[in-house]
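Remarks on the structure that follows.
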Amino acid sequence: MLEVIKPLQQLLSEKESFKQPGDASLLETPFLVVEEASLSRAQQGLTQRPTMSIRAKIIMGFFVLFLLCAGASITFYILGGRIDQKLKFMEAGSSFTFEIQQARRFEKNFFLYKTNLVDALENVQTARELLKIQEKDISAVIGKEKWQTMMAHIDRYEKLLDKLRNAKDVEGTTQESYGDIEGELRQHGAEMIALAMNLVQQERREVETLSKLSRQIPLVFLAVLLVLIIYLTHFLAQQIVGPLNRFVEYTRRIARGDFSPIQPAKRYKDEFSRLAIAINWMLDQLQKNQELYIQSRKMAAIGTLTSGIAHELNNPLNNICITTESLLDELEDLSDNEKKKRLRDIYAQAERAGGTVRNLLDFTRVDQPSFVAVSVQELLSSTLRLTKHEMELSNVDLKYLSAESGLLVQGDFGQLQQVFLNLIINAIQAMPRGGGLTISVREEDPDQVRIDITDTGVGIPQAIISEIFDPFFTTKEKGTGLGLSISYSIIRKHGGKILVNSQINHGSTFSVYLARSLGKRRSE
Ligand code: ADP
């Protein structure tokens, strides 16, 4: 047994040194290459998408927030500038109105008392200076055309005042001769004041509107900011929490023994794609390691069955020796018929030994799994042949119950044989002082076949029953703890399930459910 286990340990330690996904020593083994195509398809799908990293999305999100803040700040700046300009205009407008009103007062004095004409002229000139100095500001608010109209009024008004001064200096100028000038002066003066007041009033209204706007803008800005922050938080959370949830689901699936590679779920590649690629490599390694476990478990099973196999080979070889010896001793005395009979015996015994070797080779063969219609009866009888002697040695009585003999299941013969061998060996080992092993096969429903392996052994304590399918869990001194975990994963791959029911000191039943096949049997 040690001889068998040693190379296995070597095999397992070699497996641990497999660090790189593309390790050539792994690829040489045919069954390990099976998933390579689907893995590389998944890896290509994951890597060959346009990149849109979560980091870029976060930067973009904050950039949008910055743009919004910048927009609001610029709006405030412009609004402030406008209000400032309008206030300056209103100030200039008020000074202008004041100067014109003063000029008009002095103009009236002149017509009443012939005084203050020079003062009026001074006021008009100050008003004109004001208009000129503030030209840019005033034009910006009321437009160049209106500014020019005001300038035209003031020019005309000044000219008329000048005319009055000249007329006053001329001897014999009467009150009547001022009549026309007075009328025109009043008209221009009134128009200038009306225009200036009108504009100041209009500007005041606009300033009020702008200041109202500047009170409303922060509220609107805050509301938009709040909506944007909520949306951004939700979006970014989705970008992170969504994939995290998906990855939690992947880990559950992997824990259930489904090692199929992760496929691309989104249009763009991001940081999670790198994680998916790494997990896919890990899955590839797990898959390869599991195939190695299956093979190592097969070898361990052979180790367990060594004495039985030796017995199976020894019996026919003994018979061959005895028959050949007797044939040699009695060659002269035997009839031709008797000689033929003994030679046929020898042939039959050699065939029996050859059958055992073939069976063993079949079982240890590393084949690419192929799913075909498998006869349940043939599957179980070939497995039982391997364990026959082990049962005899352990005083185990076998009972085989089958409702129907021709039931077929869909699966890989070698892998299913591995499952039942594990279950039968476990059952035998659970009955160290002998007992009964019952194998029952029945049609659970039209689509499923149920195979129960029941022993009357020690049973499984409730405290560990949830752990027995875990890899490397064993309660046996020389156990590997791989039999049930491998069986579980093989049955999962077959789309079936494996359940256990056990009672301490009464025994255990392992029930295997497999998809029924209505197709043709595999040709051996
Ligand atoms: P191993 O046989 O190498 O211990 P397995 O994975 O086949 O590994 O089994 C794990 C454990 O499950 C065993 O060590 C044993 O404790 C328990 N077990 C499995 N089958 C039976 C059974 N038929 N009766 C009692 N215990 C069992």
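Side chains included, hydrogens not; waters and symmetry mates left out as well; all remaining heavy atoms used. Atoms within a ligand are numbered from 1 in the order they appear, just like the ligands themselves. All values reported here derive from a predicted model rather than from experimental measurement.
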Fill in: Plane angle bin for F469 and Y488 - parallel if under 30°, tilted between 30 and 60°, otherwise perpendicular
tilted
Worksheet item: With sequence neighbours left out, what residues match Q44 under side-chain contact (heavy atoms from CB on, under 4.5 Å)?
Response: Q48
Practice prompt. Taking only Lys NZ, Arg NE, NH1 and NH2, and the carboxylate oxygens of Asp or Glu, determine whether R442 and D452 approach each other closer than 4.0 Å.
Written response: yes
Worksheet item: Do L225 and L68 touch side chain to side chain, with heavy atoms closer than 4.5 Å?
Response: yes
Worksheet entry | Charged N-O contact under 4.0 Å between R342 and E338 | yes
Worksheet item: Measuring from each atom of ligand 1, which residues have a heavy atom under 4.0 Å away?
Response: R297, N426, A427, A430, D455, G459, I460, I468, F473, T474, T475, K476, G479, T480, G481, L482, G483, L484, S508, F510
Practice prompt. If the plane angle is over 60° it's perpendicular, under 30° parallel, otherwise tilted; pick one for F235 and Y231.
Written response: parallel
